[in-house]
Number of protein chains: 2
Amino acid sequence: MTTSFVPRRPSSPEFALLGFLYLQPGHGYDLHRRLSAELGEIWHVSQSQTYNILKRLQSQGYLTARRVTQEKLPAMQTLELTPAGRARFEAWLAAPTGGSVRAVRLDFLTRLYFARRLDPSRIPAILADQIAYLHHTIARLETRWAGLPAGGEINRLSLQLRLRQLRSILEWLEEYAETFARTLQTEDPPRS
Amino acid sequence: MTTSFVPRRPSSPEFALLGFLYLQPGHGYDLHRRLSAELGEIWHVSQSQTYNILKRLQSQGYLTARRVTQEKLPAMQTLELTPAGRARFEAWLAAPTGGSVRAVRLDFLTRLYFARRLDPSRIPAILADQIAYLHHTIARLETRWAGLPAGGEINRLSLQLRLRQLRSILEWLEEYAETFARTLQTEDPPRS
DNA sequence: CGGCTATACTCACTCGGTGAGTATAGATGA
DNA sequence: TCATCTATACTCACCGAGTGAGTATAGCCG
């Protein structure tokens, strides 16, 4: 199960970009295209924002740039992960995602995407981790719910709504894990 | 029903702050306390961020500050809405919130809070608007789902998950609207 | 030959958000 | 009695998120 409850990290498309570079070096324009095509329903990132993130990752030492002049097309910077960058991505892929609705829809699905491409055998563990993490979050919120001061109806409503959303996402995950396990026996990855 | 589908605004605690000032003028420290106590489960805003927002609202002409020196306590800036500020808040309160999960949990609940305090008779209309908006969003996403290119499993999963979340929130809203309507007949606002 | 799209990237800006710092008064407690 | 903790009230410097417009060139299409 490997359920180590790690501190929550901020969710951002930066790991998706690291992941695409992990799969294959490329330049900014290209990465933006890959990100939009493959994970466009998850991350809505503008071109300039992609460049912003890449520049930051570079200044933090996770990737190196090499200027390449082309004959007919504008010059470009091909980007490549440094060892620190590879390590960062691998650590992210191995760690369970946070327990929020947002984290599941964004980070978790992104992890699923890269796990599929890199090492599908890890998927059951990733699913199990995520399910465990969600149970944990739900339990925490239930405790908080019980401790809410009387009055403050809106705070109660908010927590109630969040719990409901989390339970619904948990159901979905459990269904998905089941179909996935079933299709493993019959040899194919699951459909949609 | 008054269903005019207005462009989505960014969701931010700024309207909650405008709202508290609408109810009663106050200074930054006080507003931060009110916000945390009343809507703390919705907006997690640090003290300095509260001041940031207030400063911006001031520079945009939505509120005015007046320095007040106190005998024993530090000087403070009492803040008051300008007519533009009052108008901005009223427009926000009247407009339907966006159709995303996040928008409902944050903006919509905030609107509900202020509607309760200012004019509970508007609540049924607000609920109806929100429900209509959600139906609209769900229909839009279903169309998009149908048009997704083959392959790109993760994009399909993401949309599927989002739809599921929206349907769950819609159910909740409909339940809430119903209990609310029923308790209106028996004279009390609904509980939790 | 005039405009459109694709390639590849830059710049300037606003907004969101944090953490630490400043200054003072009164309460708490060993 | 002296230290330290909590409450009041705010400021500052910084980083990251995100946008919109701009730059420059090549090739295609009618």
Side-chain angles (χ1 to χ4, degrees), chain A residues 7-18 20-21 25-37 40 42-63 65-79 88 102-103 106-107, chain B residues 7-18 20-21 25-37 40 42-63 65-79 88 102-103 106-107:
Chain A
R8 344 50 178 322
R9 283 148 295 98
S11 85
S12 132
E14 81 176 77
F15 291 102
L17 290 172
L18 287 176
F20 283 117
L21 282 173
H27 55 281
Y29 187 86
D30 174 46
L31 285 167
H32 179 250
R33 246 187 338 200
R34 288 202 255 165
L35 181 59
S36 303
I42 301 182
W43 305 107
H44 305 276
V45 184
S46 69
Q47 210 191 26
S48 44
Q49 176 63 355
T50 305
Y51 282 106
N52 288 341
I53 295 168
L54 290 172
K55 190 135 283 180
R56 179 165 49 81
L57 288 173
Q58 190 186 342
S59 82
Q60 290 171 341
Y62 295 123
L63 50 88
R66 207 159 35 83
R67 186 154 200 89
V68 177
T69 52
Q70 305 178 97
E71 271 189 35
K72 312 235 145 161
L73 291 173
M76 60 185 186
Q77 307 250 335
T78 54
L79 306 170
R88 186 162 156 82
R102 190 182 160 76
L106 305 183
D107 298 54
Chain B
R8 354 27 192 327
R9 285 150 294 95
S11 84
S12 133
E14 83 177 76
F15 292 101
L17 291 171
L18 286 176
F20 283 117
L21 283 172
H27 54 283
Y29 187 86
D30 174 45
L31 285 166
H32 179 250
R33 246 188 337 203
R34 288 203 255 163
L35 181 58
S36 303
I42 301 182
W43 305 106
H44 305 276
V45 185
S46 69
Q47 211 193 25
S48 42
Q49 176 63 355
T50 304
Y51 283 105
N52 287 342
I53 295 168
L54 290 171
K55 190 135 282 181
R56 178 163 49 83
L57 289 172
Q58 190 186 342
S59 82
Q60 290 171 340
Y62 296 122
L63 50 88
R66 207 161 34 83
R67 184 150 202 93
V68 177
T69 53
Q70 306 178 96
E71 271 189 35
K72 314 234 145 162
L73 291 173
M76 62 184 185
Q77 307 251 335
T78 54
L79 307 170
R88 186 162 156 82
R102 191 183 159 78
L106 305 182
D107 298 54

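Quick caveat: nothing in here was measured; it's all calculated off a predicted structure.
Following rounding to the nearest Å, L17(B) (CG) and dC15(C) (P) show an atom-to-atom distance of 15 Å. Computed from coordinates, the L31(B) CG to dT8(D) C1' distance equals 14 Å when rounded to whole Å. Q58(B) has its CD atom 17 Å from the P atom of dT14(C), to the nearest Å. Rounded to whole Å, the distance from CD1 on I53(A) to C1' on dC15(D) is 14 Å. Atom pair Q49(A):CD and dC13(C):C1' shows a separation of 13 Å (rounding to whole Å applied). Rounded to whole Å, atom C1' of dT8(D) lies 13 Å from atom NE2 of H32(B). Taking atom CZ on R102(B) and atom C1' on dA17(D), their separation rounds to 12 Å, with Å as the unit. Between the CH2 atom of W43(B) and the P atom of dC15(C) there is a distance of 16 Å, rounded to whole Å.
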Produce the list of close N/O pairs, under 3.5 Å, pairing protein atoms with atoms of nucleotides 8-11 of chain C; give distances to one decimal.
from   : atom 1 : to     : atom 2 : distance (Å)
dA8(C) : OP1    : Q70(A) : OE1    : 3.4
dA8(C) : OP1    : Q70(A) : NE2    : 3.0
dA8(C) : OP2    : H27(A) : NE2    : 3.1
dA8(C) : O3'    : A75(A) : O      : 3.3
dC9(C) : OP1    : Q77(A) : N      : 2.2
dC9(C) : OP2    : G28(A) : N      : 3.2
dC9(C) : OP2    : Y29(A) : N      : 3.4
dC9(C) : OP2    : Y51(A) : OH     : 3.3
dC9(C) : N4     : Q47(A) : OE1    : 2.5

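Toward the 5′ end of DNA chain C lies the nearest nucleotide of Q60(B), the other residue of the pair Q60(B) and H44(B) mapping further downstream.
Atom-to-atom distance recorded for R88(A):CZ and F15(A):CZ is 4.0 Å, nearest 0.5 angstrom. In this structure, CZ in R33(B) is found 6.0 Å from NE2 in H27(B), a value given to the nearest 0.5 Å. Rounded to the nearest 0.5 angstrom, N52(A) CG and E14(A) CD are separated by 12.5 Å. If you take CG on L54(B) and CG on L21(B), they are separated by 6.5 Å, rounding to the nearest 0.5 Å. With values rounded to the nearest 0.5 angstrom, Y62(A) atom OH is found 14.5 Å from I53(A) atom CD1.
End-to-end axis angle of the helix from dC1(C)-dG30(D) to dA30(C)-dT1(D), using five pairs per end and rounding to 10°, comes to 20°.
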Could you go through D30(B) and R34(B), starting from their C-alpha distance and side-chain angles, then the distance that decides it, and tell me whether this counts as side chain to side chain contact (heavy atoms under 4.5 Å, CB included)? CA-CA 6 Å; D30(B) 174 45; R34(B) 288 203 255 163; 3.5 Å; yes

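With hydrogens and angles disregarded, a donor-acceptor distance shorter than 3.5 Å links the side chain of H32(B) to the backbone of V45(B). Within the 3.5 Å criterion, the main-chain N or O of Y29(B) finds a donor-acceptor partner in the side chain of Y51(B).
Counting only residues at least two apart or in different chains, salt bridge (charged side-chain N to carboxylate O under 4.0 Å, His left out) contacts with residues 44-53 of chain A are absent.
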